[in-house]
Amino acid sequence: EAGVAQSPRYKIIEKRQSVAFWCNPISGHATLYWYQQILGQGPKLLIQFQNNGVVDDSQLPKDRFSAERLKGVDSTLKIQPAKLEDSAVYLCASSLTGARYEQYFGPGTRLTVT
Amino acid sequence: GENVEQHPSTLSVQEGDSAVIKCTYSDSASNYFPWYKQELGKRPQLIIDIRSNVGEKKDQRIAVTLNKTAKHFSLHITETQPEDSAVYFCAAPQRSNDYKLSFGAGTTVTVRA
């Protein structure tokens, strides 16, 4: 079974620039999550989709972060404009609706904002 | 929301010894407790989980125990090997959204040869 795919794997940008990350979940997984993992910390949920609808975005900094999941499959997460404190690994995960606790993570995108 | 505390933050053990990591949670309604292993530069991977209707679960050299009364759960790794070196995260779901996992801060385990 193919895993969760993410791209790019690494990205370096200057502050105030914009950046976008892409995620392709495991086939058939209706629930998709975006996490932010700052160095030395556990993952923090930014947004959760069920199919193409947002279930929880309470911890998403909506003034600069946005995400969408068109057609209920792939998802993109965008940051505009980026700040230094956005430097982190952005992890995408997915799960089956019936097994929502078993989340499978992608390899992540390491973002460095200079 | 759920608050998950994890201890210790770092753990160094001699190969062959046991390692124990403990997490406490705040929401007594939480009913699922996974453990993830993250090797350097790689994705977190689910290694074992436990549901609130059991007190212990084992899978080869790893086990998880749950004390619902005290609201804590622990990961036990026996006969540690160099490949067990990684960061381990515990997690618990939030009452308001049980798809939403709150993660501990992680424990860096180093197995010395």
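In what follows, chains are A, B, ... by sequence order, proteins preceding strands, each numbered from 1.
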J.: Quick one: do A:F21 and A:V54 end up in the same hydrophobic cluster if we chain Ile, Leu, Val, Met, Phe, Trp and Tyr together by side-chain heavy atoms under 4.5 Å apart?
T.: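 Both belong to a single hydrophobic cluster.
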
J.: For each of A:A93, A:G108, A:P43, A:G106, tally heavy-atom pairs with chain B at distances under 4.5 Å, and name the one with the top tally.
T.: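 Maximum pair count with chain B is reached by A:P43.
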
J.: Hey, could you give me the OG/CG distance between A:S95 and B:L46, rounded to the nearest 0.5 Å?
T.: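 A:S95 atom OG to B:L46 atom CG measures 11.5 Å (nearest 0.5 Å).
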
J.: CD/A:Q6 to CZ/B:R43 distance, rounded to the nearest 0.5 angstrom?
T.: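 Reported value, rounded in 0.5 Å steps: 8.0 Å.
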
J.: Of all heavy-atom pairs between A:Q103 and B:Y36, which one has the smallest distance, and what is that distance?
T.: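 In terms of heavy atoms, the two residues are closest at O-OH, 3.3 Å.
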
J.: Kindly check if the number of other-residue, nucleotide or ligand heavy atoms within 6.0 Å of NZ (A:K71) is above 12?
T.: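 Not buried by this count: 12 neighbours or fewer within 6.0 Å.
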
J.: Are side-chain heavy atoms of B:K42 and A:F105 found at a separation under 4.5 Å?
T.: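 Side-chain contact under 4.5 Å: no.
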
J.: More than 12 non-hydrogen atoms from neighbouring residues, nucleotides or ligands closer than 6.0 Å to CG on B:L40, yes or no?
T.: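 At most 12 heavy atoms, drawn from other residues, nucleotides or ligands, come within 6.0 Å of this atom.
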
J.: With a sphere of 6.0 Å drawn around CD of B:E79, does it hold more than 12 non-hydrogen atoms of other residues, nucleotides or ligands?
T.: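 Incorrect, the count does not exceed 12.
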
J.: Would you find more than 12 non-hydrogen atoms of other residues, nucleotides or ligands less than 6.0 Å from B:Q60 atom CD?
T.: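 It does not: B:Q60 CD has 12 such atoms or fewer within range.
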
J.: Measure distances from B:Q6 to the heavy atoms of chain A and classify the residue's part below 4.5 Å as side chain, backbone, both or neither.
T.: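 The answer is neither part of B:Q6.
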
